[in-house]
Amino acid sequence: MTREAFEQEILYRLKAQRLRTPVMQPEDVVKLVFQAMLGVGHLLSAREKVTQYIVREMNALLADPEEPLFEILSPAWCRLNLRRAMAANIQPQVIAGLMLTSGCEISFTRQEVYDCCKRIAQSGDYPLKDDKALDAILDAQWLPSHSAAYREEYHPAYRVISTDWIPCLEAIQRIAEKAAAVDRLLITLDGPCASGKTTLAQKLAKVFQGEVVHTDDFVIPHALKTPERLAVPGGNCDAERLAKEVVIPFKYGMPVKYRRYSCMKDALLPEQLLPDSRLLILEGSYCNLPAIQKYADVCLFLHAPWETREARLLKRESAASMQQFYDRWIPLENAYFEAYHLPDDGVVLINGR
């Protein structure tokens with residue numbers, strides 16, 4: 001996306017916001033543009049400090065399940081409603097995690113925020129004057145605030161996070177609800193190859209302060225890849241070993257010691273100890289095989305368009321390896337999805353980009 005297209009999207013969102021909140025004052029316009037371009041980076045510090053600020057604000061709020069969970073500001077950023085988040089049991093430390101894992105591919109400067117606000121002022125379409133008051137935007141220590149009139153009328157309470165999190169908000173709510181009900185939370189994150197499962201698993205682990213184990217580390221050895229075994233949907237995964245070494249010990253609060261399988265060496269690597277955590281994400285195709293899924297508290301399924309997935313594979317795989325995906329790995333995955341009717345109503349579907 002070009003910078004011009006990004007700014008046009010901001011103007012569209014600003015117009016919609018003004019219709020919803022007609023009390024909007026000049027400082028409220030500046031704050032929206034500031035957040036829509038710079039996002040949350042200027043507010044971030046240590047996770048504990050970010051969490052403390054959110055705790056203090058949420059302690060003064062009442063949960064409201066009727067308010068929208070988010071409001072889009074720009075292609076990169078949105079506002080997460082704290083009152084709605086409270087109703088969904090999304091805890092302050094999780095919101096802090098969402099902020100800390102948010103970013104934007106396009107990096108804007110204060111000068112660009114200033115220039116955008118100047119253009120808005122000169123258009124005459126908004127309650128914003130082209131005067132020296134806008135110069136404050138260029139001060140690296142200055143941060144925007146809502147007007148007193150806006151605060152009195154609308155009582156804004158939100159945090160800015162990446163729009164990349166929007167497709168995942170249902171999953172985040174489900175995880176938050178389950179985390180409040182169980183001592184040890186097991187999440188499965190399934191989906192086709194190159195859909196973005198590993199990246200999402202790592203981000204969710206940071207948000208919820210958990211650990212990740214990859215099903216790619218539990219492929220069966222070459223000696224066991226018989227036609228009979230591979231004819232069984234999901235037979236390429238050693239689900240029994242995964243359940244024995246990881247899933248069952250984790251759910252029962254025991255140390256998790258497991259061996260990763262190396263395809264290159266066709267051997268199990270030395271045993272490793274998984275750091276203790278209340279939350280574990282099993283990431284990868286085949287993580288919803290019955291031997292594993294029966295222990296899961298939340299099942300996620302990440303979908304992405306084939307064009308996106310193929311482009312990712314072509315970027316990271318050799319020609320020979322890519323042909324193996326076409327001829328072998330993708331058909332095996334598809335057979336597994338079809339056999340177990342995935343994604344079904346028991347999983348939270350996430351539509352990736």
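None of the values given here were measured: they were computed from a predicted structure.
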Thinking salt bridges, do [X] and [Y] make one under a 4.0 Å N-O criterion?
| X | Y | value |
| --- | --- | --- |
| D135 | K118 | no |
| E245 | R259 | yes |
| D217 | R260 | yes |
| E67 | R84 | no |
| E7 | R119 | yes |
| D297 | K251 | yes |
| E71 | R13 | no |

Are the side chain of [X] and the backbone N or O of [Y] linked by a donor-acceptor pair below 3.5 Å?
| X | Y | result |
| --- | --- | --- |
| S195 | G191 | no |
| E310 | T308 | no |
| E333 | C193 | yes |
| R83 | L61 | no |
| S162 | W77 | no |
| S123 | D125 | yes |
| D266 | H222 | yes |
| K257 | Q272 | no |
| R151 | H146 | yes |
| R47 | A96 | no |

- prompt: Which residue pairs pass the side-chain hydrogen bond (donor to acceptor under 3.5 Å, both in side chains) test when at least one of the two sits in residues 199-214, sequence neighbours left out?
  reply: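 Output for this query lists H214-E283.
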Taking the side chain as C-beta and beyond, is there a heavy-atom pair between [X] and [Y] under 4.5 Å?
| X | Y | answer |
| --- | --- | --- |
| W165 | T101 | yes |
| M37 | E112 | yes |
| F337 | D190 | yes |
| L230 | R328 | yes |
| L185 | L280 | no |
| Q173 | L69 | yes |
| P331 | Y326 | no |
| I220 | K225 | yes |

- prompt: Any idea how Y286 and Y336 line up, ring-wise: parallel (<30°), tilted (30 to 60°), or perpendicular (>60°)?
  reply: tilted
How close do [X] and [Y] get, counting heavy atoms only, and between which atoms?
| X | Y | value |
| --- | --- | --- |
| T215 | C287 | CG2-CB, 3.7 Å |
| A63 | A87 | CB-N, 3.7 Å |
| L138 | Y114 | CD2-CB, 3.7 Å |
| I90 | M58 | O-CE, 3.9 Å |
| A335 | P233 | O-CB, 4.0 Å |

query: With a 3.5 Å cut-off and no angle check, do the side chains of R20 and Q17 form a donor-acceptor pair?
result: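 Side chains of R20 and Q17: pair found under 3.5 Å.
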query: Does any donor atom in the side chain of N89 or Q91 lie under 3.5 Å from an acceptor atom in the other side chain?
result: yes
Does [atom1] belonging to [X] count more than 12 external heavy atoms closer than 6.0 Å?
| X | atom1 | result |
| --- | --- | --- |
| L62 | CG | no |
| Q111 | CD | yes |
| E271 | CD | yes |

message: For E66, give me all partners under side chain to side chain donor-acceptor pair (under 3.5 Å), at least two apart in sequence or on another chain.
response: none
- prompt: What residues form a side chain to side chain donor-acceptor pair (under 3.5 Å) with N334, not counting sequence neighbours?
  reply: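 Applying side chain to side chain donor-acceptor pair (under 3.5 Å) to N334 gives none.
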Stacked cation flag R3 on F108, 6.0 angstrom / 45 deg: yes
message: Between N288 and I292, does the side-chain contact (heavy atoms from CB on, under 4.5 Å) criterion hold? Intermediate values first, please.
response: CA-CA 6 Å; N288 278 314; I292 303 167; over 6 Å; no
- prompt: Given L342 and E338, is the side-chain contact (heavy atoms from CB on, under 4.5 Å) satisfied, shown in steps?
  reply: CA-CA 7 Å; L342 295 169; E338 291 172 9; over 6 Å; no
message: Does V256 form a side-chain contact (heavy atoms from CB on, under 4.5 Å) with Y258? I'd like the steps, not just the answer.
response: CA-CA 6 Å; V256 176; Y258 69 104; 4.1 Å; yes
message: Evaluate E153 against T21 for side-chain contact (heavy atoms from CB on, under 4.5 Å), listing each step before the verdict.
response: CA-CA 9 Å; E153 182 69 20; T21 57; over 6 Å; no
